[in-house]
Number of protein chains: 2
Amino acid sequence: MSVKVDLTMVKTRSTQQRVAILQILEGTDEFRSAQEIHKLLEQKKLKVGLATVYRTLQKMAVQEDIDAIRSAHGEIIYRKCGQKEGHHHHLICRQCGITITVDGPTIENWTEKIAKENGFREVSHTLDIFGICKNCYRKA
Amino acid sequence: MSVKVDLTMVKTRSTQQRVAILQILEGTDEFRSAQEIHKLLEQKKLKVGLATVYRTLQKMAVQEDIDAIRSAHGEIIYRKCGQKEGHHHHLICRQCGITITVDGPTIENWTEKIAKENGFREVSHTLDIFGICKNCYRKA
DNA sequence: AGTCTTACTGAGAATAGTTATCAATAGACT
DNA sequence: AGTCTATTGATAACTATTCTCAGTAAGACT
């Protein structure tokens, strides 16, 4: 129930594996799971250990190089966000997984305010909205 | 990657276990995981198998007796529908983990609006705010 | 109340996704 | 080139969940 966060400031080395994983992410707008990325690397004849893929993605997500969300099926899926400008959120269909990106200036302001009121600094937040999209609702 | 849904119309029996689980859910506004509910039942000296807790919650969710969402940590968490006016969020210190509960009517309305605009239904969301609390900031 | 049908239960095995371990490797700095 | 240490890979361990299957108990029907 608790979140472990490593606050140690460590230098990130640019390794072949890290570059390869980043290339995969930059080749698509879709969310990809660690397992998927591992398979895609295999197809490109690049041997990168599964654990390395997990570790690298996790680190990238912490350093905010990429977005990470939890799919309805329980996997963590990752995506390189093109639009780095402005923090944004996701509207995700529980059924088919289709994802819509939405800006949230309202939320930014609100979270900032709440945090300040409670004496918190260096604020960040995560917000995802889940629902059933039009298509899936029609099918059901 | 696909979701199996059993469409067979089966009669649901009212067992001691099912009643016990429902009571736990009715005793709170919070989302609870299967594991948590299992522990709470143990504390009440009610011996209900873990598998039964999982099965029952899953079934209740399908029959729409309760809400089910996936937490950021990967667990499926459940809540008895109806009392939406209990939903709130957490302000968490990255350093010491202290957690402050905050209401968010602003957020509720905003997420509802965004979802509707995009044709989504059965909306739920997750939001956590992270920062460094007063105490930890002073120490650093 | 007795009996029958079958949904439900519990304990543990099996599975999926992810994280931890640890010796070996390889960036990057002098 | 040599040193330091972040990173890697193979695999074990872990967590959350589902499956299996023999035994149990709702609930319907005498």
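Residue numbering restarts at 1 for every chain, and letters A, B, ... go by the order of the sequence lines.
Here the closest non-hydrogen pair linking Lys59(B) and Lys11(B) is NZ-O, 4.4 Å.
Applying the salt bridge (charged side-chain N to carboxylate O under 4.0 Å, His left out) test to pairs two or more places apart or on separate chains, none has a residue in residues 47-57 of chain B.
Under 3.5 Å, the side chains of Gln63(B) and Thr12(B) contain a donor-acceptor pair of N or O atoms.
Judged by atom type and distance alone, Arg70(A) does not reach the base of dG17(C) through any side-chain donor-acceptor pair under 3.5 Å.
Phosphate proximity of dT19(C) to Gln58(A): present, with a side-chain N or O under 4.0 Å from OP1 or OP2.
Applying the 4.5 Å side-chain rule to ILVMFWY residues, one finds Leu50(A) in the same cluster as Tyr54(A). Grouping Ile, Leu, Val, Met, Phe, Trp and Tyr by side-chain contacts under 4.5 Å, direct or through others, puts Ile24(A) with Ile21(A), Leu22(A), Leu25(A), Ile37(A), Leu40(A), Leu41(A), Leu46(A), Val48(A), Val53(A), Leu57(A), Met60(A), Ile66(A), Ile76(A), Tyr78(A).
End-to-end axis angle for the helix from dA1(C)-dT30(D) to dT30(C)-dA1(D), using five pairs per end and rounding to 10°, comes out at 40°.
Not counting sequence neighbours, the partners of Glu42(A) by the side chain to side chain contact (heavy atoms under 4.5 Å, CB included) test are His38(A).
Checking dT9(C), dA10(D), dG17(C) against every side-chain atom of Gln35(A), the shortest atom distance belongs to dG17(C).
Rounded to an integer number of Å, the gap from CG of Leu41(B) to C1' of dG10(C) is 14 Å.
The stretch residues 13-23 of chain B touches DNA chain D through Arg13(B), Ser14(B), each having a heavy atom under 4.0 angstrom from the strand.
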